[in-house]
Chemist: 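Structure incoming, see below.
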Amino acid sequence: MKGYFQSLFFNFLFLALFGGLAALAFPRAGFSQDLSVPDDFEITLTSAPNLLANPLEKQSIVIKADGTAWFSPRIGDDGQLPGTETELSAEAIEAIYKVVDERNFFELESFYSDPDILDGDYAEITVTADGVSHQVRTVNVRLFDFDLIAMTINARVPKDRTVIYNALIAGHYREIER
């Protein structure tokens, strides 16, 4: 677990430093330094056990371009948490959209799994932007680009409303390449 987060941190740090320098030296064609969030931007992050016994075990966050964030009812540390809505800052929405863009979310396959693990959980991200929607589901695997998007969302929502799935916290999951 600790090794996975350290690995993600160092990979993120390397990509941030290298990517920042590369972007200055070699800007992407069609990439604006002021990446604007499309008006129809919406991202949903969901996780649940593969063998769902209690509907409250499913966790979801829906975030819209205007900053509206909806959190599903769920089981928290102190019992059941009701569904709720809050507002995220424009900076939070921009950061989430930026990582979706930088990690080329729309180029990911729609499904990644480890067929050797039958139980466990899944995580799913659905993004709509510029009139296009794409959904990616991971089942018992670590996929760096996907996990980085989930961690970016989790870093910008209240701690008791983060969406956690096994691949984010358990170091023994297989790491999958795009």
Side-chain angles (χ1 to χ4, degrees), residues 1-12 15 41-64 68-86 88 92-93 95-129 133-178:
M1 172 167 59
K2 183 179 176 186
Y4 178 61
F5 282 117
Q6 284 178 333
S7 173
L8 278 178
F9 173 75
F10 287 116
N11 284 339
F12 179 74
L15 289 171
F41 177 65
E42 181 175 299
I43 186 165
T44 302
L45 171 60
T46 301
S47 177
N50 286 327
L51 304 173
L52 186 64
N54 179 342
L56 293 175
E57 292 178 305
K58 184 175 182 177
Q59 312 167 46
S60 293
I61 301 172
V62 179
I63 299 171
K64 297 185 177 196
T68 304
W70 176 82
F71 305 95
S72 66
R74 63 183 282 190
I75 298 171
D77 292 337
D78 298 323
Q80 182 177 338
L81 296 172
T84 189
E85 194 173 289
T86 191
L88 300 181
I93 302 302
I96 293 166
Y97 180 70
K98 183 177 179 184
V99 76
V100 166
D101 180 67
E102 288 177 348
R103 304 319 309 164
N104 297 310
F105 177 80
F106 286 90
E107 295 176 16
L108 291 172
E109 299 292 326
S110 61
F111 187 73
Y112 298 86
S113 72
D114 184 342
D116 297 331
I117 302 176
L118 301 178
D119 56 359
D121 63 5
Y122 73 88
E124 186 174 272
I125 296 176
T126 304
V127 175
T128 298
S133 293
H134 184 59
Q135 184 176 71
V136 177
R137 179 180 279 213
T138 63
V139 181
N140 300 317
V141 295
R142 297 181 323 194
L143 179 63
F144 179 77
D145 294 324
F146 181 96
D147 295 342
L148 189 58
I149 294 168
M151 289 187 302
T152 301
I153 292 169
N154 282 337
R156 283 154 180 86
V157 300
K159 186 177 180 181
D160 66 340
R161 292 304 185 144
T162 58
V163 170
I164 302 299
Y165 50 96
N166 290 340
L168 284 182
I169 58 174
H172 65 276
Y173 280 90
R174 185 179 300 165
E175 198 163 328
I176 302 290
E177 298 292 322
R178 331 177 109 240

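For the numbers below, each heavy atom of this structure counts, side chains included, while hydrogens, waters and symmetry mates do not.
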Chemist: Could you give me the CA-CA distance, side-chain angles and deciding distance for Val157 and Val163, then say whether side chain to side chain contact (heavy atoms under 4.5 Å, CB included) is met?
Modeler: CA-CA 10 Å; Val157 300; Val163 170; over 6 Å; no

Chemist: Taking the side chain as every heavy atom from C-beta outward, state whether Ile96 and Arg156 have any atom pair closer than 4.5 Å.
Modeler: yes

Chemist: Is there a donor-acceptor contact under 3.5 Å linking the side chains of Thr128 and Ser133?
Modeler: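 On atom types as modelled, these side chains qualify, holding a pair under 3.5 Å.
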
Chemist: Quick check against the 3.5 Å criterion: does Asp147 have a side-chain atom that pairs as donor or acceptor with the backbone of Leu143?
Modeler: yes

Chemist: Within the side chain of Arg161, is there an N or O that forms a donor-acceptor pair under 3.5 Å with the backbone of Ser72?
Modeler: yes

Chemist: Classify the ring geometry of Tyr97 against Phe41: parallel below 30°, tilted from 30° to 60°, perpendicular beyond 60°.
Modeler: perpendicular

Chemist: Restricting to non-hydrogen atoms, name the atom on Ser113 and the atom on Val141 that form the minimum distance, rounded to 0.1 Å.
Modeler: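 Smallest heavy-atom distance, with atoms named: C-CG1, 3.5 Å.
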
Chemist: Show your working on side chain to side chain contact (heavy atoms under 4.5 Å, CB included) between Leu81 and Ile75 and close with a plain yes or no.
Modeler: CA-CA 6 Å; Leu81 296 172; Ile75 298 171; over 6 Å; no

Chemist: Report the C-alpha separation of Val136 and Phe105 in whole Å, then their side-chain angles, then the decisive distance to 0.1 Å, and conclude whether the side chain to side chain contact (heavy atoms under 4.5 Å, CB included) test is met.
Modeler: CA-CA 8 Å; Val136 177; Phe105 177 80; 3.6 Å; yes

Chemist: Which residues satisfy the salt bridge (charged side-chain N to carboxylate O under 4.0 Å, His left out) test with Glu42, sequence neighbours excluded?
Modeler: Lys64

Chemist: Just verifying a value: how many Å separate Asp114 CG and His172 NE2, rounded to the nearest 0.5 Å?
Modeler: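 Rounded to the nearest 0.5 Å, the CG-NE2 separation comes out at 9.0 Å.
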
Chemist: Kindly check if the number of other-residue, nucleotide or ligand heavy atoms within 6.0 Å of CD (Glu85) is above 12?
Modeler: yes

Chemist: Just verifying a value: how many Å separate Tyr173 OH and Asn140 CG, rounded to the nearest 0.5 Å?
Modeler: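 Tyr173 OH to Asn140 CG: 4.5 Å, rounded to 0.5 Å.
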
Chemist: Mind checking the CG-CG spacing from Asp160 to Asp77? Nearest 0.5 Å is all I need.
Modeler: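 Result: 8.0 Å between the selected atoms.
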
Chemist: Which pairs would a plain distance check flag for residues 116-123, meaning a side-chain donor or acceptor within less than 3.5 Å of a matching protein atom at least two apart in sequence or in another chain?
Modeler:
| residue | atom | partner | partner atom | Å |
| --- | --- | --- | --- | --- |
| Asp116 | OD2 | Arg174 | NH2 | 3.0 |
| Asp121 | OD1 | Asn166 | N | 3.4 |
| Asp121 | OD2 | Asn166 | N | 2.8 |

Chemist: Find the distance between CG (Asp145) and CD1 (Ile176) and round it off to the nearest 0.5 Å.
Modeler: 13.0 Å

Chemist: Is any side-chain heavy atom of Val139 closer than 4.5 Å to one of Asn50?
Modeler: yes

Chemist: Could you walk me through whether Val127 and His134 pass the side chain to side chain contact (heavy atoms under 4.5 Å, CB included) test, one step at a time?
Modeler: CA-CA 5 Å; Val127 175; His134 184 59; 5.6 Å; no

Chemist: Determine whether a donor-acceptor pair (N or O, by modelled atom type, separation under 3.5 Å) exists between the side chain of Tyr112 and the backbone of Glu109.
Modeler: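 Yes; judged by distance alone, with no hydrogens or angles, the pair exists.
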
Chemist: Would you call Pro82 and Phe71 a side-chain contact if the rule is heavy atoms closer than 4.5 Å?
Modeler: no

Chemist: How many angstroms lie between atom CD1 of Ile149 and atom CD1 of Ile43, to the nearest 0.5 angstrom?
Modeler: 6.0 Å

Chemist: Hey, does Glu107 have a side-chain heavy atom less than 4.5 Å from the side chain of Arg178?
Modeler: yes

Chemist: Working to the nearest 0.5 Å, report the span between CG of Leu45 and OH of Tyr165.
Modeler: 7.0 Å

Chemist: Determine whether a donor-acceptor pair (N or O, by modelled atom type, separation under 3.5 Å) exists between the side chain of Gln135 and the backbone of Ile125.
Modeler: no

Chemist: With a 4.5 Å limit on heavy-atom distance, are the side chains of Phe144 and Arg103 in contact?
Modeler: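 Phe144 vs Arg103: side chains touch.
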
